[in-house]
Structures are given as C-alpha cells and as structure tokens.
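First the structure, in the form of structure tokens, and then the observations on it.
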Amino acid sequence: MRTSIMRTLARRTSTAGTRRGFASESAPDRKVAILGAAGGIGQPLSLLMKLNPLVSRLALYDIAGTPGVAADVSHINTRSEILGYAGEEQLGKALEGADVVIIPAGVPRKPGMTRDDLFNINAGIVKSLCTAIAKYCPHALVNVISNPVNSTVPIASEVFKKAGTYDEKRLFGVTTLDVVRAKTFYAGQAKVNVADVNVPVVGGHAGVTILPLFSQATPSANLSSEDIEALTKRTQDGGTEVVEAKAGKGSATLSMAYAGAIFADACLKGLNGVPDVVECSFVQSTVTDLPFFASKVRLGKNGVEEVLGLGALSDYEKEGLEALKPELKSSIEKGIKFANA
C-alpha cells in the first residue's frame with residue numbers, strides 16, 4: 001500500500017511557500033468527520049487528515065476540547081477547511097454532508113486491560129454516535145476505530161439496521177494497524193525494505209483473532225517456523241507492547257492515528273474512482289462462517305466493491321484460523337446482543 005500522505009509531505013518540502021504542494025485542485029470535494037477528535041488518537045489523526053489533499057472539509061467533533069484542536073490544525077496551509085464541534089448538540093452539524101466518518105472515540109487501554117474491559121464504555125459511545133450517523137449522514141463510509149472493534153462494528157451494523165440505513169458496503173472496522181505492525185516486524189526480521197513489504201492480516205482485531213498471513217508476505221523470505229510464530233505473536237500483542245512501554249500513560253495512539261489515516265485515504269481514493277484500491281478491513285463477510293471477518297477488501301465508489309478470499313494458507317495459518325473463530329464469534333455476538341438490549 002502506498003503512503004500518499006507521507007509522499008505529499010515530501011513534495012511540500014520541495015515547494016516551500018506554495019500551496020500547490022498539498023492541494024489537489026482536480027480532486028472532488030470530500031468532507032471527513034472525526035468523532036473523538038480531541039483524544040489521544042483523534043488529535044494526531046486530525047493532523048494527518050489535514051495533510052491529505054483529498055479532504056476539502058474536515059469536521060472535528062468531541063464532547064469537549066475540540067475548538068482548540070480545530071484552531072490549532074486550521075493554521076496548517078493545506079486544502080481543507082477545518083470546523084470544530086463540541087458537545088452532543090453540535091454532533092449533527094459535524095456529520096451533515098460527510099463522505100467519510102472516522103470514529104476513534106472512547107477510552108484507551110490501560111495496563112492490565114483487555115479489549116473486552118473497554119466494552120461497556122466504548123460500546124455505548126459507538127452506539128450513540130452511530131445513531132447520529134444514521135440520522136445525519138446515512139450514506140457516509142463509516143470507519144470504526146473504537147475498541148473492541150470485533151464488537152463495535154457489529155453494534156454499528158445493528159444500529160443502522162434499526163434505523164433502516166444499513167449498507168454493509170459502507171461499514172468498516174479499521175484493522176490497518178495490524179497490517180502496519182506485521183509489515184514493520186516482518187521487514188525487520190527478513191531484512192528487507194519495509195516500503196516494499198505487503199502482509200495481509202485477517203480475522204479480527206484483538207489478540208489471537210489477529211492472523212497475519214506471513215506465508216503470503218512479499219517480498220518472500222526464507223524464515224523459520226520459529227520466526228513466523230514469533231512474528232505472529234508480536235503482531236497479536238502489539239497493542240499490549242505499547243501499553244506496557246507507556247507504563248500506564250497511554251496506548252497505541254500515534255501508530256493507530258497513522259493507520260487510521262492510511263485507511264481513510266484508501267476510502268477516499270475508492271470514492272474518487274481510483275482503481276484497484278485494496279486494504280484489509282473487518283467487514284460483513286462470507287469468507288468464513290462468521291458474519292464479520294477481516295480480509296482484503298477492494299474499495300470503490302460505493303465503499304466495498306469486493307471482499308476478497310483468504311488465498312492459500314500454510315498449515316500454521318490454517319490452525320490459527322480455526323483457533324480464532326470461537327473468540328471472534330463470541331465478540332461479534334456480544335456486540336449484537338448489546339445493540340439489541
């Protein structure tokens with residue numbers, strides 16, 4: 001996957017003093033709304049989306065603190081107009097006319113917490129925000145970052161179904177950070193240029209439900225089974241690695257913001273008709289017997305154009321696939337039950 005945002009930064013450096021280094025004058029107008037924009041993920045995500053030349057309007061929403069974030073980001077001399085909204089009474093205005101809605105809202109993980117520990121708080125937040133999305137921008141592409149994604153995406157789907165606005169092609173669980181980590185860790189172990197690496201990551205977005213398919217990684221490398229198992233484990237535990245390293249003072253906010261910006265960029269490219277945009281995402285799926293599953297997805301003008309299959313799996317990956325299903329099934333059902341309670 002190409003990181004066009006970072007390439008844009010490089011171009012901007014060589015065109016100092018001009019605005020054309022960022023702005024894409026031929027790009028259609030696109031509004032992106034970030035719900036939870038004043039939080040640990042939301043602030044760096046707001047910055048990265050301000051740098052994206054495909055965004056013409058960027059709406060930043062949170063329960064508090066957003067006017068300051070919006071004022072700060074608005075001084076950056078790029079294409080998009082910045083609008084800040086705070087408090088539930090302004091949520092509708094933030095959402096109206098949005099093409100893409102990104103939801104990083106919620107509480108972060110702390111040491112000792114699992115993604116399930118976050119459920120009771122974040123599930124309610126996502127349910128409330130999706131109720132507003134169904135009312136104010138029912139045709140937007142919705143990118144759910146709020147954990148536990150294995151449950152919050154099913155919650156969102158049920159909210160949209162109740163509102164009569166559900167379109168499975170427009171709802172995504174953002175699992176891009178798993179791909180970002182798998183690429184980084186694989187490149188380090190295989191001693192290859194990380195910019196050339198691609199690793200599909202399937203399943204879900206928590207612990208053992210995260211299944212990187214290193215047998216399909218490119219460029220290929222002759223890694224031992226022990227190396228593959230260690231890389232898989234590290235990818236699955238990447239969030240915990242950051243939480244522990246931050247010693248109670250945060251979770252994986254910066255890398256998650258980067259991953260969220262990459263996936264949102266892919267959605268915008270798809271909406272704009274760029275061909276063959278493929279990313280992994282947790283979506284409604286028939287790839288397995290589970291109703292939701294993360295795999296490669298081709299993005300287009302309607303959101304999901306095609307959910308791609310898993311391809312050939314190694315024996316180790318086949319075992320991992322079967323092992324993840326019970327936990328992922330339970331998380332999906334937990335979300336559906338919560339939404340219908």
Side-chain angles (χ1 to χ4, degrees), residues 1-7 9-10 149-150 173-245 252 254-263 265-266 269 274-283 285 287-288 293-299 306-325 327-328:
M1 182 203 61
R2 298 178 179 178
T3 54
S4 60
I5 297 173
M6 299 302 109
R7 288 204 310 277
L9 273 172
V149 165
N150 293 351
V174 180
T175 60
T176 314
L177 182 52
D178 301 325
V179 177
V180 167
R181 286 172 173 152
K183 289 180 178 181
T184 301
F185 303 157
Y186 177 85
Q189 187 66 39
K191 295 179 172 54
V192 294
N193 185 349
V194 70
D196 298 329
V197 170
N198 194 19
V199 183
V201 181
V202 304
H205 185 57
V208 298
T209 71
I210 300 167
L211 183 61
L213 303 182
F214 288 114
S215 71
Q216 299 178 21
T218 55
S220 60
N222 188 25
L223 299 180
S224 68
S225 59
E226 290 79 9
D227 287 337
I228 296 298
E229 290 182 23
L231 287 171
T232 299
K233 180 68 172 172
R234 190 179 180 199
T235 303
Q236 293 173 338
D237 293 342
T240 301
E241 181 179 317
V242 175
V243 168
E244 291 177 350
L254 302 176
S255 53
M256 184 63 250
Y258 169 78
I262 292 299
F263 188 75
D265 180 66
K269 286 177 178 174
V274 175
D276 205 30
V277 179
V278 176
E279 294 290 341
C280 292
S281 182
F282 186 67
V283 296
S285 174
V287 167
T288 69
F293 198 81
S295 65
K296 288 183 180 179
V297 173
R298 180 173 286 108
L299 301 168
E306 183 182 8
V307 179
L308 303 177
L310 299 181
L313 304 181
S314 69
D315 289 342
Y316 176 71
E317 290 161 357
K318 290 176 182 176
E319 292 173 5
L321 177 61
E322 293 309 310
L324 71 81
K325 286 182 179 180
E327 181 173 328
L328 183 53

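Just so you know, residue 1 is the first one in the sequence shown, and it goes up from there. Because the structure is predicted, anything quoted here is derived from the model rather than measured.
The two atoms that bring S255 and R181 nearest to each other are OG-NH2, 4.4 Å, heavy atoms only. The minimum heavy-atom distance between S215 and A312, with the atom names listed, is OG-O, 4.0 Å. Taking all atoms of both residues into account, the shortest heavy-atom contact from V277 to A266 is CG1-O, 3.6 Å. Residues L313 and E317 share a closest heavy-atom pair of CA-OE1, 3.5 Å.
T184 contributes atom OG1, which lies 8.5 Å from atom CZ of R234 (distance to the nearest 0.5 angstrom). To the nearest 0.5 Å, atoms CG (N198) and NZ (K296) are separated by 6.0 Å. Going from atom CG of L223 over to atom CZ of F214 covers 9.0 Å, rounded to the nearest 0.5 Å. Separation of atoms NE2 (H205) and OG1 (T175) is listed at 7.0 Å; rounding is to 0.5 Å.
Residues V287 and V202 form no side-chain contact, since every pair of their non-hydrogen atoms from C-beta on lies 4.5 Å or further apart. For the pair V307 and S295, the minimum side-chain heavy-atom distance is below 4.5 Å. When side chains are defined from C-beta on, V199 does not count as touching F185, because their heavy atoms never get closer than 4.5 Å. Looking at heavy atoms from C-beta onward, V180 lies out of side-chain contact with I262 at the 4.5 angstrom threshold. At least one side-chain heavy atom of F293 sits under 4.5 Å from a side-chain heavy atom of L328. At a threshold of 4.5 Å between non-hydrogen side-chain atoms, the residues E279 and V297 do not count as touching. Put simply, the side chain of D178 does not reach to within 4.5 Å of the side chain of Q236, judged on heavy atoms. With contacts defined as side-chain heavy-atom distances shorter than 4.5 Å, the pair Y316/S225 does not qualify.
No hydrogens or angles considered: a donor-acceptor pair under 3.5 Å links the side chains of D227 and S224.
Listed by chain and number, the residues in a side chain to side chain contact (heavy atoms under 4.5 Å, CB included) with V179 are K183, V201, C280 (sequence neighbours excluded).
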